[in-house]
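If you read the sequence from its start, that first residue is 1, and numbering goes on from there.
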Amino acid sequence: MAQYTIYVYNLASTIKITTIPATSFSYSSKLCDFGEAEINLKVNPTTSRSGDLMKDLKVGARTIYIFRGSTLVWGGLLYEWSYGSKERTLKITARTFEWYLFRRIQRITKEWKTSTEQLDIARTIVAPALNNINASMGTQTSGVKRSLSIYAYDFKTIGDRLDELSNMIKGFDWGFTLSVSSNGTINRKFNYWYTHRGVTKTNTKLAFSYPNGSIIDYTLTRSLSDASTRVYTLGAGEGSEMIIATQTKNDLSGWALLEESYSYKDVKVKSTLQSHANARLAQKIAPIELLDVTVRTNRPDTPTIGSFSVGDWAVFKIKDWAFPTQYSSYMRIIEYKVNVSEDGLETIDFTLNTENEETFEDTGASVDG
């Protein structure tokens with residue numbers, strides 16, 4: 001059974017304020033978004049430092065860190081606490097530092113007229129938010145050049161601006177990473193990953209199986225939601241002069257025709273527009289497959305918490321009534337949530353992306369002149 005310790009730090013993460021005597025808790029991480037920790041404890045004057053603990057939980061000026069043994073596995077800003085007198089329970093909520101970017105307004109007006117490294121643009125957008133939470137910035141490059149304009153009068157959040165940029169064709173992943181220095185200070189760094197964060201399908205050693213493995217239960221969904229069998233991409237021009245490309249599922253025999261269109265109004269070259277159509281269909285081809293699994297941690301074949309991250313690929317194998325000859329697929333971890341019960345037992349809920357996500361590499365330029 002893993003030994004957890006939950007600490008409260010000051011905002012600069014240099015001064016440890018106190019320890020939270022949690023009875024149960026959960027914590028999650030999400031790719032290019034924020035995760036949450038929910039910490040519960042029964043308030044006991046002997047164990048919970050009656051009155052003093054509440055003073056230490058200064059919402060907006062404290063950070064929460066969760067250690068599993070000696071490994072830092074989660075960190076974020078103290079977001080909220082709620083105390084119920086009837087049950088004498090205290091519920092504490094914290095959010096990872098990615099959340100902070102969605103609470104800061106982007107107040108820069110700047111135009112990059114010549115093609116600029118996209119991660120340099122991202123650094124300009126994110127930099128104003130980092131000083132207040134004492135975070136550093138990664139120096140990664142992607143080799144992707146962009147021309148872009150941003151305006152302070154739009155009053156968009158830094159997180160929204162970053163989302164827009166990172167979700168462009170040939171975009172990138174982003175998020176905070178945490179480390180502990182030799183003097184106990186917790187360091188935060190905002191990093192970028194191009195093309196994708198995490199261990200690739202080719203290099204992964206993560207594997208989960210059901211029922212003779214670490215998977216407790218699973219939900220597999222095949223859906224037409226967000227799926228297509230034909231894709232249109234719309235380029236420059238209007239009306240009958242507009243450039244159009246299309247890509248259709250190789251074999252439509254017996255399939256319903258499901259169509260979707262995407263706009264690339266800056267694209268003037270038909271071959272570039274066609275590459276967009278090919279890539280979009282590879283991502284959207286029907287049916288879309290979704291997999292959610294819950295795994296137990298008290299098995300030797302379960303990867304240790306802290307040894308994997310959002311963005312990693314893993315192989316999932318299922319053999320049961322629904323799949324008597326075995327279902328096997330690579331999936332990408334886009335979110336995970338660790339649940340720790342009052343008796344210390346751990347489970348992990350994984351939210352996974354379909355295998356088609358890795359085939360979506362839209363190599364066409366977003367602007368081809």
Side-chain angles (χ1 to χ4, degrees), residues 1-4 6 22-40 66-69 71-76 91-96 98 175 197-199 201 204-223 225-226 287-358:
M1 188 176 298
Q3 179 66 44
Y4 277 94
I6 304 176
T23 50
S24 65
F25 57 95
S26 65
Y27 57 94
S28 66
S29 294
K30 194 170 184 178
L31 185 65
C32 300
D33 205 343
F34 66 87
E36 279 195 343
E38 292 188 353
I39 303 161
N40 305 292
I66 301 175
F67 282 78
R68 188 178 188 267
T71 303
L72 174 60
V73 294
W74 194 93
K91 179 180 179 180
I92 301 165
T93 303
R95 290 182 170 178
T96 58
E98 288 83 2
R197 180 179 184 176
V199 180
K201 184 189 297 186
T204 187
K205 292 182 173 59
L206 297 173
F208 304 87
S209 60
Y210 177 90
N212 299 316
S214 59
I215 298 177
I216 301 172
D217 57 62
Y218 71 90
T219 301
L220 180 66
T221 304
R222 286 183 179 146
S223 173
S225 175
D226 205 31
I288 298 294
E289 193 166 79
L290 307 171
L291 182 64
D292 295 282
V293 304
T294 300
V295 305
R296 56 175 69 85
T297 63
N298 59 341
R299 287 179 58 97
D301 57 352
T302 303
T304 304
I305 295 172
S307 68
F308 56 83
S309 70
V310 290
D312 285 349
W313 284 81
V315 63
F316 291 83
K317 296 180 180 181
I318 298 167
K319 190 173 183 179
D320 62 1
W321 170 87
F323 303 98
T325 59
Q326 186 170 277
Y327 164 94
S328 180
S329 181
Y330 286 92
M331 294 281 179
R332 192 178 186 213
I333 301 169
I334 59 169
E335 183 176 4
Y336 68 85
K337 180 180 180 182
V338 178
N339 307 285
V340 182
S341 65
E342 291 187 11
D343 55 10
L345 293 178
E346 298 170 306
T347 59
I348 312 171
D349 298 325
F350 286 111
T351 301
L352 306 159
N353 258 9
T354 175
E355 190 168 4
N356 283 346
E357 285 297 317
E358 191 175 60

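If you check the side chains of T96 and E98, you find a donor sitting under 3.5 Å from an acceptor.
Taking the six-membered ring for Trp and thresholds of 30 and 60 degrees, Y27 and F25 have nearly parallel ring planes, at less than 30 degrees apart. Note: F350 and Y336 have tilted aromatic rings, judged against thresholds of 30 and 60 degrees for the angle between ring planes.
Taking the ring pair (Phe, Tyr, Trp, His ring centres under 6.0 Å) definition, one finds that Y210 meets it with Y218, sequence neighbours left out. Judged as a side-chain hydrogen bond (donor to acceptor under 3.5 Å, both in side chains), and not counting sequence neighbours, R197 has no contacts. When the side-chain hydrogen bond (donor to acceptor under 3.5 Å, both in side chains) test is applied to D226, the partners found at least two apart in sequence or on another chain are K284.
Taking both residues in full, the closest heavy atoms of S214 and T302 are given as CB-OG1, 3.0 Å, listed atom of the first, atom of the second, then distance. When every heavy atom of W74 is checked against every heavy atom of G76, the shortest pair comes out as CZ3-N, 3.4 Å. Across every non-hydrogen atom of E346 and Y4, the tightest pair is OE2-OH, 2.5 Å. Taking both residues in full, the closest heavy atoms of K319 and P324 are given as CE-O, 3.1 Å, listed atom of the first, atom of the second, then distance. Of all heavy-atom pairs spanning I215 and R296, the tightest one is O-NH1, 4.0 Å. Shown here for N212 and R299, the closest heavy-atom pair between the two residues is O-NH2, 4.0 Å.
Between the side chain of T351 and the main chain of I334, no donor-acceptor pair closer than 3.5 Å is present. Looking only at distances, no side-chain donor or acceptor of R332 sits under 3.5 Å from a matching main-chain atom of D312. Judged by distance alone, the side chain of T71 and the main-chain N or O of V73 form no donor-acceptor pair under 3.5 Å. A donor-acceptor distance shorter than 3.5 angstrom exists from the side chain of S28 to the backbone of E36, with no hydrogens or angles considered.
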message = Run the side chain to side chain contact (heavy atoms under 4.5 Å, CB included) test on I333 and L352 for me, step by step, so that the C-alpha distance in whole Å, both residues' side-chain angles and the decisive distance to 0.1 Å come before the verdict.
response = CA-CA 5 Å; I333 301 169; L352 306 159; 3.8 Å; yes

task = Evaluate side chain to side chain contact (heavy atoms under 4.5 Å, CB included) for T304 paired with R68, printing each intermediate quantity in order.
result = CA-CA 10 Å; T304 304; R68 188 178 188 267; 3.7 Å; yes

key: Derivation and outcome, side chain to side chain contact (heavy atoms under 4.5 Å, CB included), residues M331 and F208   = CA-CA 11 Å; M331 294 281 179; F208 304 87; over 6 Å; no

task = Verify side chain to side chain contact (heavy atoms under 4.5 Å, CB included) between V315 and S328, making sure each step is shown before the conclusion.
result = CA-CA 7 Å; V315 63; S328 180; 3.8 Å; yes

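With rounding to the nearest 0.5 angstrom, the CZ atom of F323 is 6.0 Å from the CD1 atom of I318. R222 contributes atom CZ, which lies 10.0 Å from atom CG of L291 (distance to the nearest 0.5 angstrom). Taking CG from L345 and CG from N298, the interatomic distance works out to 6.5 Å, rounded to the nearest 0.5 Å. If you take OG on S209 and CG on D301, they are separated by 6.0 Å, rounding to the nearest 0.5 Å. Atoms CD and SG, on E335 and C32 in that order, are 12.5 Å from each other to the nearest 0.5 Å. For the atom pair CD1 of I348 and CD1 of I305, the computed distance is 4.0 Å after rounding to the nearest 0.5 Å.
A 4.5 Å side-chain heavy-atom check between I6 and I39 finds at least one atom pair inside the cut-off. Between E289 and L220, the closest side-chain pair of non-hydrogen atoms falls below 4.5 Å.
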